[in-house]
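Nothing here was measured: the structure is a model prediction, and the numbers come from that model.
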Amino acid sequence: MPIELKHVTYTYMPQTPFERVALQDVSLTIEEGSFTAIAGHTGSGKSTLVQHLNGILQPTSGQVLVDGTDLAARGKAALAARRKVGMVFQYPEHQLFEETVALDIAFGPKNLELPEAEIEQRVRQAMEFVHLDYETYKDRSPFQLSGGQMRRAAIAGVIALQPKYLVLDEPTAGLDPRGREDLLQRIVQLHKKEKITIVFVSHNMDDIARTADRVVFMDQGKVLLDEAPAKAFFAEKEIAQAGLAAPQMVTLLTKLREKGLAVDPAAFTMEDGVAHIMKALREAKSC
Amino acid sequence: MNFIELTNMSHVYHDGTENAHTAVDHIDLTIKEGEFLAILGTNGSGKSTLAKHFNAILLPTEGHCRVAGMDTADEAHLWDIRQQVGMVFQNPDNQIIAAVVEDDVAFGPENLGVPPEKIRQRVAESLAAVGMEHYRKFAPHLLSGGQKQRIAIAGALAMHTKCLVLDEPTAMLDPSGRRDVLHTVRQLHEKVGITVVYITHFMEEAAAADRILVMEQGKIVDDGTPAEIFRQVAVMKKRGLDVPLAAEVAWRLRQQGVRLPERILTDEDLVMALCR
Ligand SMILES: Nc1ncnc2c1ncn2[C@@H]1O[C@H](COP(=O)(O)OP(=O)(O)OP(=O)(O)O)[C@@H](O)[C@H]1O
Ligand SMILES: Nc1ncnc2c1ncn2[C@@H]1O[C@H](COP(=O)(O)OP(=O)(O)OP(=O)(O)O)[C@@H](O)[C@H]1O
Ligand SMILES: [Mg+2]
Ligand SMILES: [Mg+2]
């Protein structure tokens, strides 16, 4: 069963001078087993949108259903539905609070009332997932870490919950290049092997190209485009309107093409991009 | 002239306790006045710790840090140093002070004793430079992640310091926002001649600097021009870092026998070389 947003409108601080409509009549269905990216310019409503997926924010009007259960309902069913959705916040500081990294990551599993041994096992696995060495970091304070290390700790805390739906708000921001690539690959593996449904917010079309099967562009609280990435990357008008940029390889190949090299711009990986250029060079010799 | 000088400088967190952690390890470094320096390094390599010494937020636990000739450990200079070096923190939440955006941006210049009418002008200019003029009356803690980051940058711009230290200023921005920030910083560097220290995980942004430092485990392991640093594609990847896309494409094309000039850092460089 999916996560469904039905005509969701969200207004921050209604009836105050700060009133702001951050989402306007958004309807989306996140199918089970899908991998969805949410992109859009600063302030377009991405974080507001994803915070609806596990009920941190409740729609001002409209409904959010997880596996058929309305998150706004009271009682056990709604709580259980919310727990199916694990959420990594945009700023990791907003979700770290325990004294040590290990305690922080164990917090969620403890709430699920799992046995001690299983909790430790999950903490170890989650730290391994984000490449934080267990022995080195388990007793460190989460607030005395570097920015990238903090983000890894925050992601580990949600991975340890083993949620059915995993929602990540700009998970690779602040990670170094290898850390970013490793994390993306591991999320893809999780998706493939464990059939976990992924929703992630990203400004990085290269990351989206390599992972997602669907991308939603947000613009001023509305859905601007909802497409397969391979198509979305060539929607120039929408990309510009959303303050985004095509993947770097597509951008480079398009520039070469504009200067007269007959190269196919539809390449998202280094290997494909180089192959397309070589092919064009062999066929044309020069521009 | 040297603007920042580090001699044999270390920073050990919790120095002298069992939790002691060496984050910056005996560094010698000089940054010239008017230079645009980018710092690269994997997570935890010591970039932020190093940068926090440049305006005396952190003090060396060993060695010295001099800014415009003043030793940062000498408390008498603290005011002078902060007047010359503005800082944009990695997390904008650590920087937001006031309850209204325009007061937040005005906070720095007010502290420097800038007259009110000048402050108003600076606030307007700085907010315009980051595209946030419409949010003047807004509450900064109620903004989106990227909007907060822009406000933090505006606050540093409004101080008109001789040197700007920016710690991953574009991490939460969309591509157009990233372009704007880098452009603004480059303009300040070129037109006003300010010294820039720019920490980033985006290799294309580092390519816009005059000089790049590479850090690893608290030490400087490489120091050179973008062309020198990004020529070493395999070395950079082994370090857990990367090179700009165009530099890697050029490197791979050369390996397949395509003749290309040495210095290719940007798409434009590569287009020029291939489409002569
Ligand atoms: N707590 C809040 N109170 C009032 N307005 C808010 C609050 N949080 C966000 N907003 C406003 O709602 C709009 C949408 O914000 P949101 O955080 O969803 O944007 P976003 O797309 O995630 O942006 P970013 O890429 O910068 O993180 C913005 O205009 C923002 O200023
Ligand atoms: N307050 C602190 N107390 C103890 N150790 C700290 C503290 N802040 C950072 N460290 C440690 O010092 C080392 C350097 O951290 P620093 O924040 O300088 O890294 P960085 O290069 O900026 O990393 P990132 O790219 O993740 O921001 C890290 O190993 C980190 O865990
Ligand atoms: Mg956001
Ligand atoms: Mg840092």
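- If you measure heavy-atom distances from A:Ser146 to chain B, the contacts under 4.5 Å come from the side chain alone.
- Proximity to chain A is limited to the backbone of B:Arg239, based on heavy atoms less than 4.5 angstrom apart.
- In terms of heavy-atom pairs under 4.5 Å with chain B, the best-connected choice from A:Met270, A:Met278, A:Gln90 is A:Met270.
- Between the side chain of A:Arg178 and the main chain of B:Asp242, no donor-acceptor pair closer than 3.5 Å is present.
- Proximity to chain A (any heavy atom under 4.5 Å) is restricted, for B:Met203, to the side chain, taken from C-beta onward.
- Chain B forms the most heavy-atom pairs under 4.5 Å with one residue out of A:Met150, A:Arg152, A:Gln248, and that residue is A:Gln248.
- Neither the backbone nor the side chain of B:Lys47 has a heavy atom closer than 4.5 Å to any heavy atom of chain A.
- For B:Gln147, the parts lying under 4.5 angstrom from a heavy atom of chain A are both the backbone and the side chain.
- If you tally non-hydrogen atom pairs under 4.5 Å between each of B:Arg252, B:Gln90, B:Lys237, B:Met172 and chain A, the highest count goes to B:Met172.
- With a threshold of 4.5 angstrom between heavy atoms, B:Ser48 does not approach chain A through any atom at all.
- For the set A:Glu93, A:Met205, A:Glu258, the count of heavy-atom pairs under 4.5 angstrom toward chain B peaks at A:Glu93.
- The contact between B:Leu142 and chain A is made entirely by side chain atoms (from C-beta outward), counting heavy-atom distances below 4.5 Å.
- Atoms OG and CG, from A:Ser141 and B:Asn19 in turn, are 10.0 Å apart once rounded to the nearest 0.5 Å.
- Only the side chain of B:Phe202 comes within contact range of chain A, with at least one heavy atom under 4.5 Å from a heavy atom of that chain.
- Here B:Met272 contributes atom CE and A:Lys259 contributes atom NZ; the two are 9.5 Å apart, rounded to the nearest 0.5 Å.
- Within 6.0 Å of CD on A:Glu236 lie no more than 12 heavy atoms contributed by other residues, nucleotides or ligands.
- Atom-to-atom distance recorded for B:Leu270:CG and A:Ile277:CD1 is 6.0 Å, nearest 0.5 angstrom.
- Around atom CD of B:Gln256, more than 12 heavy atoms belonging to other residues, nucleotides or ligands sit under 6.0 Å away.
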Would you sort out whether B:His21 and A:Gln144 count as a side-chain hydrogen bond (donor to acceptor under 3.5 Å, both in side chains), showing the intermediate values?
CA-CA 10 Å; B:His21 183 89; A:Gln144 298 185 351; over 6 Å; no
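- Remark: B:Leu274 CG to A:Lys255 NZ distance equals 13.0 Å, nearest 0.5 Å.
- Around atom CD of B:Gln217, no more than 12 heavy atoms belonging to other residues, nucleotides or ligands sit under 6.0 Å away.
- Of the two parts of B:Asp167, neither the backbone nor the side chain holds a non-hydrogen atom closer than 4.5 Å to a non-hydrogen atom of chain A.
- Using modelled atom types, one side-chain atom of B:Asn43 and one backbone atom of A:Gly174 make a donor-acceptor pair closer than 3.5 Å.
- When all heavy atoms are compared, the tightest approach of A:Asp176 to B:His201 is CA-ND1, 3.5 Å.
- Counting heavy atoms from C-beta outward, B:Asp93 and A:His94 have side chains that approach closer than 4.5 Å.
- Comparing B:Ala139, B:Pro244, B:Gly240 by heavy-atom pairs within less than 4.5 Å of chain A, the highest count is held by B:Gly240.
- Between the side chain of A:Tyr91 and the backbone N or O of B:Gly145, at least one donor-acceptor pair lies under 3.5 Å.
- Interface remark: of the candidates B:Ser144, B:Pro175, B:Gly146, B:Ala171, B:Pro175 forms the most heavy-atom pairs closer than 4.5 Å to chain A.
- Taken to the nearest 0.5 Å, the CG atom of B:Leu245 stands 9.0 Å off from the OG1 atom of A:Thr251.
- With a threshold of 4.5 angstrom between heavy atoms, B:Tyr135 approaches chain A through side-chain atoms but not through N, CA, C or O.
- Chosen from A:Leu175, A:Val274, A:Asp206, A:Leu244, the residue pairing most often with chain B at heavy-atom distances under 4.5 Å is A:Leu175.
- Of all the listed residues (B:Gly131, B:Gly257, B:Pro92), the one sharing the greatest number of non-hydrogen pairs under 4.5 Å with chain A is B:Pro92.
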